[in-house]
Amino acid sequence: MSTVVLITGVSRYLGGRLAALLSADSSVERVIGVDLVPPRQDVGRTEFVRADIRNPIIAKVIASAKVDTVVHMSVIATPFGAGGRAAMKEINVIGTMQLLTACQKAPSLEKLVVRSTTAVYGSSSRDPALFTEGMEPRSVFRSGYGKDSTEVEGYVRGLGRRRPDVDVTLLRFANFIGPRIDTPLTRYFSLSVVPRVLGFDPRIQFIHEDDGVEVLRRSVMENRRGTFNVAGSGVLLVSQAIRRAGRPAVQVPSPAVAVVGSLFRRAGLVDFSPEQMDFLQFGRGVDTTRLREDFGFAPAYTTLQAFDDFVAGRGLTRYIDPERVSDVEQRVLAGLERRRTAHA
Amino acid sequence: MPEARVIPLDGRDSSHTAPRRSRRAAQCEAVGADGKRCTAKAVAEGVCGEHLAEHLRAEAAANAPDWERKLAGALAFMRRRVTGDYPIDDFGFDPDLTENVLLAAMRPLYEKYFRVEARGLDNIPSTGGALVVANHSGTIPLDAMMTQLAIYDHHPAQRHLRMLGADLVFKSPFVAPLARKSGSTLACNEDAERLMSSGELAGVWPEGFKGIGKPFSERYKLQRFGRGGFVSAALRSGVPIIPCSIVGAEEIYPIVGNVKVLARLLGFPYIPVTPFFPLLGPVGLLPLPSKWIIEFGEPIPTDELGASAADDPMLVFNLTDQVREVIQQTLYKLLLGRRSVFF
């Protein structure tokens, strides 16, 4: 039973929503949020501590407040907000190391929940259709989010070995999507013309922001030890997703993709990292049987519904309007019918 | 009065939802989108005033000439494509595209060009997982596509053959998305087992590049059957193995040479030289119109052996050899019965 919960990365969207949910729950005694900047959204009665998790102050917070549950969600996916790849790695890997060191020394700790990502499986042509939790990546990481997350997971497993009394829940989330969350992929699908890799059409999976927050909440409130893939059921093809968003696509040959990606990055439109290029070429799918059966949670939104909710909730203008398309179809059919009745 | 049949405008058969006319036509027979029958009283043609216009339109559509119905079907298909309104399974299989475009494009080749004769289709179960294992030949995997079409068009259950393809297929631009959309997935144990245990019909060509790229002088001589991975996958899923022998594909592009240097440079397993390619340029790309026979043999059950048998290498080797031998013998038998390569 969690009573004092510490959340890292509380000023980011998902951290803030989890903090708000937990502070609305009367069985949670205290919620402590840690981040470098104060939260912008309403986080209820969460006590905010402005601290860097790389700072030893975090150990003091955990010890003095007798924190029993730590939710680590401050691993960042893009170097854009962090101020470069080196800083991103520093925050992700060194930050996690420091936080876990503090956790290991805290006798009050009972539970650790870590937000990880399905990017740890990589993206390549040799991938199986769906990854289960026990599978290893088939490609070698050069750098980036996937590599950082793999290292973070390594440290988390290390803590699990050294503190067997702590329940460790490792959640590997697919790409988040929804009406409010801001990720490189939501920006990508909001572009007025969406570039994609010529000759490839990867499968992608989404998890709706509401489902994701609910999985995090349950991991805190209930005991769900283990590693779980978290994704909405089913897959979408990138081409199909672009069509459902009603956007025109332009196909970029793969040698030019890196150049186009860095142009978008410089323009501040979408923060594409090289591994996201691989993702847009080969995609990824994960198996969520363990989430449904062992964790006991079935996401309310399928991948397709989550994407549609994003398109509707953002109010994206569908340049290729499905209503107009079916209108044209009906008109052609009506024309045929008129012609037939005129002949009859 | 003739029975009214509602022909759906998107060209799909839904005769089971067509309203049946009862003798005592007092209640309107229209069925709403929610599947419930209209409760109003019928005024004419067995339907109420509200549904009369719709009913007449449907009846008119039923009498529409064939091309108009086809056009309506094509329009509905295009609408689905443009708006992204079609289902994709976990492997990336797109049945809408496969049935309406990819298989339709292969059909003339199947029926008119290679005049494929499919035998022993009743050896393929109508439901449940199974593994079709076939010989590979012909420089490009036309044999796989023809086998897929043979099963879809001529098996009573219209099953889709889910093929297991090489790594190179999923690395190549344009080929990779088409392969996934037509139901293929990577030939690895995880995918094979996932397909078969979810009740799909999987297809594998275990000779791989050694088979498809072998010289013409070695035609119909089966190469090594991989490492028997397909047998252990079938054993773990407990599905039957159906040997499949394909005659005719060897002659479509007779390989007389291989430009190994160029192949290594481009990263291909081989660059074939045939009597017509590259000598005649693009004309040389035309396959020779051989006459094909695809014979599906009797299923070899694996469920009695149990999943643990997959860990017994001797058993896996023996079973692999057995499947290979059945296909080789069937090939010899079919070749003996063949009048000529082209007829």
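Naming: A, B, ... by sequence-line order, numbering from 1 per chain. Computed from a predicted structure; not experimentally measured.
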Engaged part of [X] at the chain B interface, taking heavy atoms whose separation is under 4.5 Å:
X	result
A:Ile320	side chain
A:Leu236	neither
A:Phe282	side chain
A:Thr132	side chain
A:Asp127	backbone

Inset, instruction - Output yes when B:Glu190 and A:Arg138 qualify as a salt bridge under the 4.0 Å nitrogen-oxygen rule, no when they do not. - result: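 Looking at B:Glu190 and A:Arg138, the cut-off is met.
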Inset, instruction - Would you indicate whether A:Arg180, at its atom CZ, is surrounded by more than 12 heavy atoms from other residues, nucleotides or ligands within a distance under 6.0 Å? - result: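 More than 12 within 6.0 Å, yes.
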Inset, instruction - Please indicate whether B:Arg264 has more than 12 foreign heavy atoms, meaning atoms of other residues, nucleotides or ligands, lying under 6.0 Å from its CZ. - result: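 No, because the 6.0 Å sphere around CZ of B:Arg264 holds 12 heavy atoms or fewer from other groups.
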With rounding to the nearest 0.5 Å, note down the distance linking [atom1] in [X] to [atom2] in [Y].
X	Y	atom1	atom2	result
A:Leu336	B:Leu71	CG	CG	5.5 Å
B:Asp94	A:Leu237	CG	CG	7.0 Å
A:Arg243	B:Arg81	CZ	CZ	5.5 Å

Residue pair [X] / [Y], side-chain heavy-atom distance below 4.5 Å:
X	Y	value
A:Asp287	B:Arg194	yes
A:Val332	B:Leu75	yes
A:Arg339	B:Glu68	yes
B:Met78	A:Val325	no

Inset, instruction - Return the minimal non-hydrogen interatomic distance between A:Ser326 and B:Arg79, and the atom names on each side. - result: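 So the minimum-distance heavy-atom pair works out to CB-CD, 3.5 Å.
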Legend entry - Residues from residues 168-179 of chain B approaching chain A under 4.5 Å (heavy atoms):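 B:Phe170, B:Lys171, B:Ser172, B:Pro173, B:Phe174, B:Ala176, B:Pro177, listed by number.
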Inset, instruction - Could you list all the side-chain hydrogen bond (donor to acceptor under 3.5 Å, both in side chains) pairs where at least one residue sits in residues 226-240 of chain A, not counting sequence neighbours? - result: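 Listed by first then second residue: A:Tyr121-A:Asn229, A:Asp201-A:Ser239.
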Legend entry - Pairs of heavy atoms under 4.5 Å with chain A: top-ranked of B:Asp167, B:Thr185, B:Asp90: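 Of the options given, most contacts go to B:Asp90.
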Legend entry - Backbone of B:Gly92 reached by a side-chain donor or acceptor of A:Arg203 within 3.5 Å: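 Not at all, since once roles are kept as given, no pair shorter than 3.5 Å links the two residues.
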Inset, instruction - Verify, without hydrogens or angle tests, whether B:Asp191 (side chain) and A:Pro128 (backbone) share a donor-acceptor contact under 3.5 angstrom. - result: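 No, the answer is negative, given that no donor and acceptor are paired below the 3.5 Å cut-off.
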